Amino acid sequence: MTYTVGSYLAARLAQIGLKHHFAVAGDFNLALLDQLLTNAETEQVYCCNELNCGYAAEGYARANGAAAAVVTFSVGGLSIINAIAGANAENLPVILISGAPNTNDRATDHLLHHTMATSDLSYQLDIAARITCCAVAITSPDKAPYQIDMAIRAALRESKPAYIEIACNIAGAPCAAPGPVSSLLDGAPSDADTLAAAVSAAADFITARKKPLILIGSKLRAAKAEPAALALAQALGCPVAVMAAAKSFFPETHPQFAGIYWGEVSSPTTREIVDWSDGLICIGTLFNDYSTVGWTSNPAGANVLTLDIDHVSLAGHDFSGVRLAEVLDGLATRVEANPTALNELHRLRAAPAAVPEAPAEARLSRTEMMRQIQGLLTGDSTVLVETGDSWFNGMHLALPEGARFEIEMQWGSIGWAVPATFGYAVGAPSRRVIAMIGDGSFQLTAQEVAQMIRRKLPILIFLINNRGYTIEVEIHDGPYNNIKNWDYAGLINVFNAEDGEGLGLRASTGGELAEAITRARGNAKGPTLIECALDRDDCSPDLMSWGRGVATATARPPLPR
Ligand code: TPU
Ligand code: MG
């Protein structure tokens with residue numbers, strides 16, 4: 001078989017396990033899209049716009065480990081930037097592929113469409129280089145295999161986005177055949193001496209503590225170390241708390257699970273047991289103003305051991321170039337069981353009270369909505385929660401074994417959830433995908449529901465209509481937090497047009513919600529959006545407390561000179 005630059009890229013995408021790539025067409029990428037289509041192992045999935053295309057790929061990477069998005073030059077490439085920077089913040093290897101001007105136009109000062117009417121054609125590469133781990137511009141078929149491999153290898157090894165730009169007249173040019181894929185996949189192992197020293201120092205730290213406790217953060221998944229963390233936890237027998245951004249990265253049904261640690265808005269007794277520990281083992285954690293509730297709970301100091309993706313640090317020691325899974329594996333064989341903190345947690349912890357069912361005719365409340373969503377969850381469910389009160393409501397869901405939870409907490413860009421849910425569902429066709437999305441966020445990227453309809457994905461969307469930007473109201477209120485109401489349920493018929501089978505339903509009482517959920521379950525041929533009408537002030541108490549903490553940090557005056 002002979003290869004072109006585009007079909008080489010397609011082969012590499014298929015080899016790294018991408019059964020799909022997301023795309024929006026434009027004249028600078030049409031020849032490339034044609035070449036990608038020649039590979040039957042990676043299907044092209046279209047999006048309504050490039051921002052959504054980026055989020056869809058980001059969601060796909062959450063389900064599938066990596067993803068690719070293909071856009072046209074400049075008008076597409078600049079539009080997708082928000083989503084790619086988000087994938088960077090969230091440690092997801094999304095490969096951004098952009099068409100680019102014809103090589104013949106580069107040597108001249110021809111002015112091209114989709115540019116700022118100057119002969120500068122490098123700005124997109126420059127911008128992409130700032131937000132990806134590797135950015136390459138392909139203008140020659142000879143160098144293309146090396147450049148494509150370099151970008152994909154970097155993305156997979158660093159769990160960060162990469163950028164590949166391909167000149168439109170190069171995409172179809174013949175090039176070399178791809179070699180074995182293994183050179184792209186596996187990162188180098190840890191340096192053996194550094195690994196031994198890091199494990200030894202970390203084991204000494206743990207052994208010297210009376211009340212060790214594990215705290216898991218969002219980078220654990222990026223490090224592909226969830227099983228290794230579970231094994232260490234079991235060897236140590238200590239409580240395991242998870243940060244909000246890592247919900248579901250440790251099984252909530254596990255007897256050592258200690259809840260969500262999120263400062264003042266932690267699960268009951270979780271903050272207390274974390275504070276009580278004299279040896280906090282932070283695995284893949286990431287502390288920012290949101291996760292520390294405005295810097296009010298920011299674990300640091302001599303009682304903290306940090307095990308990061310490629311790095312171990314503790315008082316007096318710092319080891320880099322070690323892989324997290326190998327550190328955890330090493331530690332699991334070195335530590336002795338110490339259930340002191342777990343015993344204390346059991347003493348502190350009262351059995352959770354069951355939420356009573358609301359009368360069927362009563363006006364729908366947040367607690368009744370969450371009670372019903374909880375009842376839906378099974379081991380094959382994935383719940384995606386959008387920025388807003390959905391973050392806080394989602395934290396209270398008790399996840400059955402196997403259930404997954406997705407949150408874009410570091411980047412926090414509203415509009416993420418609709419397209420990311422679409423991409424996730426494309427990447428995980430056997431999972432039951434449920435999204436909780438606020439009305440304000442939905443308005444940014446609503447049109448991507450049409451792609452769920454197009455691909456007949458039975459996604460269940462809870463559209464929480466509380467008539468505004470409630471999360472912002474709790475941080476800092478003003479007229480800018482009021483939004484124009486939409487007929488959200490009615491939109492689904494607009495998107496259905498002549499051939500779609502999406503369902504748009506409305507619930508303003510508990511009884512209506514239960515009925516809508518039953519209808520959603522009967523709809524296997526498309527998404528169901530249930531618009532849940534909540535009172536504007538019906539928000540979670542956690543959001544209120546967190547909002548105050550974050551607002552205080554944001555409003556700090558400049559330090560005196
Ligand atoms: O449940 P609720 O009302 O809190 O959520 P909803 O209705 O989705 O409102 C979200 C409000 C919000 C804004 C406007 N949350 N964060 N922001 C700021 C923001 C603005 N633009 C982007 C792209 N991302 C943001 N986070
Ligand atoms: Mg809202």
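The structure displayed is predicted, hence computed values, not measured ones. We count ligands from 1, going down the list as the structure has it; atoms in each ligand are counted the same way.
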(request) Give a yes or no answer on whether the side chain of Trp486 reaches the backbone of Leu491 with a donor-acceptor pair at less than 3.5 Å. (result) no

(request) Could you tell me which atoms of ligand 1, counted from 1 in the order shown, lie closer than 4.0 angstrom to a heavy atom of Ile471? (result) 4 (O), 10 (C), 11 (C), 12 (C), 15 (N)

(request) Give the residue and atom name of whichever protein heavy atom lies nearest to atom 26 (N) of ligand 1, and the separation in Å to one decimal. (result) Gly412 O, 2.8 Å

(request) With sequence neighbours left out, write down each residue that passes salt bridge (charged side-chain N to carboxylate O under 4.0 Å, His left out) with Glu512, or none if nothing qualifies. (result) none

(message) Does ligand 1 come near enough to Tyr469 that some N or O of the ligand is less than 3.5 Å from an N or O of the residue?
(response) no

(message) Could you tell me, atom by atom, which parts of ligand 1 come under 4.0 Å of a heavy atom of Thr470?
(response) 2 (P), 3 (O), 4 (O)

(request) Would you indicate whether Arg366, at its atom CZ, is surrounded by more than 12 heavy atoms from other residues, nucleotides or ligands within a distance under 6.0 Å? (result) yes

(request) Give yes if a backbone or side-chain nitrogen or oxygen of Gly440 is under 3.5 Å from a nitrogen or oxygen of ligand 1, and no if not. (result) yes

(message) Tell me the protein heavy atom at minimum distance from atom 7 (O) of ligand 1, and give that distance in Å.
(response) Asp439 OD1, 2.6 Å

(request) For Asn466, take its heavy atoms, then give the atoms of ligand 1 lying under 4.0 Å from any of them. (result) 1 (O), 2 (P), 3 (O)

(message) Does only the side chain of Ile414 get under 4.0 Å from ligand 1, or the backbone, or both, or neither? Count heavy atoms.
(response) both

(request) Output all residues satisfying salt bridge (charged side-chain N to carboxylate O under 4.0 Å, His left out) with Glu58, sequence neighbours left out; order by chain, then residue number. (result) Arg62

(message) Need the ligand 1 atom indices (1-based, order shown) with element for anything under 4.0 Å from a heavy-atom of Gly388.
(response) 4 (O), 5 (O)

(request) Ignoring hydrogens and angles, tell me if any N or O in the side chain of Glu252 forms a donor-acceptor pair with the backbone of Ala398 under 3.5 Å. (result) no

(request) Could you tell me whether the side chain of Tyr480 and the main chain of Asp477 form a donor-acceptor pair under 3.5 Å? (result) yes

(message) Looking only at distances, can you tell me whether any N or O atom of Gly468, backbone or side chain, sits closer than 3.5 Å to an N or O atom of ligand 1?
(response) yes

(message) Strictly distance-based, threshold 3.5 Å: is any side-chain N or O of Glu90 a donor or acceptor partner for the main-chain N or O of Trp411?
(response) yes

(request) Look at the side chain of Arg431 and the backbone N and O of Ser381, then say whether any donor-acceptor pair between them is shorter than 3.5 Å. (result) yes

(message) Restricting to distances shorter than 2.8 Å, give the number of protein N, O or S atoms close to the Mg ion (ligand 2).
(response) 3

(message) Could you tell me if Thr445 and Tyr55 have a donor-acceptor pair between their side chains, going purely by distance under 3.5 Å?
(response) no

(message) Surrounding CD of Gln447 (heavy atoms of other residues, nucleotides or ligands, distance under 6.0 Å), is the total greater than 12?
(response) yes

(request) May I ask you to check whether Asn82 has an N/O atom sitting below 3.5 Å from an N/O atom of ligand 1? (result) no

(request) Quickly, which of Tyr424, Phe422, Phe22 forms a ring pair (Phe, Tyr, Trp, His ring centres under 6.0 Å) with Tyr60? Name it, please. (result) Phe22

(request) For Ser441, counting its heavy atoms only, list the atoms of ligand 1 lying under 4.0 Å from any of them. (result) 6 (P), 8 (O), 10 (C)

(request) Say whether Glu386 and ligand 1 are in contact under the criterion: heavy-atom distance to a ligand atom below 4.0 Å. (result) no

(message) So, regarding Ser413 and ligand 1 (criterion: nitrogen or oxygen to nitrogen or oxygen, under 3.5 Å), is there a contact or not?
(response) no

(message) Please check: side-chain N/O of Asp487 versus main-chain N/O of Gly490, any donor-acceptor pairing under 3.5 Å?
(response) yes

(request) Report yes or no: does Ser159 contribute a side-chain atom to a donor-acceptor pair with the main-chain N or O of Asn91 at less than 3.5 Å? (result) yes

Sequence neighbours excluded and cut-off under 3.5 Å, please list the side-chain donor-acceptor pairs for residues 350-359, or say none.
none

(request) Indicate yes or no: does an N/O atom of Asp389 lie under 3.5 Å from an N/O atom of ligand 1? (result) yes

(message) If the contact criterion is a heavy-atom separation under 4.0 Å, does Gly415 count as touching ligand 1?
(response) no

(request) Please state whether Ile464 comes within less than 4.0 angstrom of ligand 1, counting heavy atoms only. (result) no

(message) With a 3.5 Å distance limit and no angle check, can you tell me whether Thr270 reaches the backbone of Ala258 through a side-chain donor-acceptor pair?
(response) yes

(message) Regarding atom 17 (N) of ligand 1: of the candidates Glu472, Glu474, Arg467, Arg536, which has the closest heavy atom?
(response) Glu472

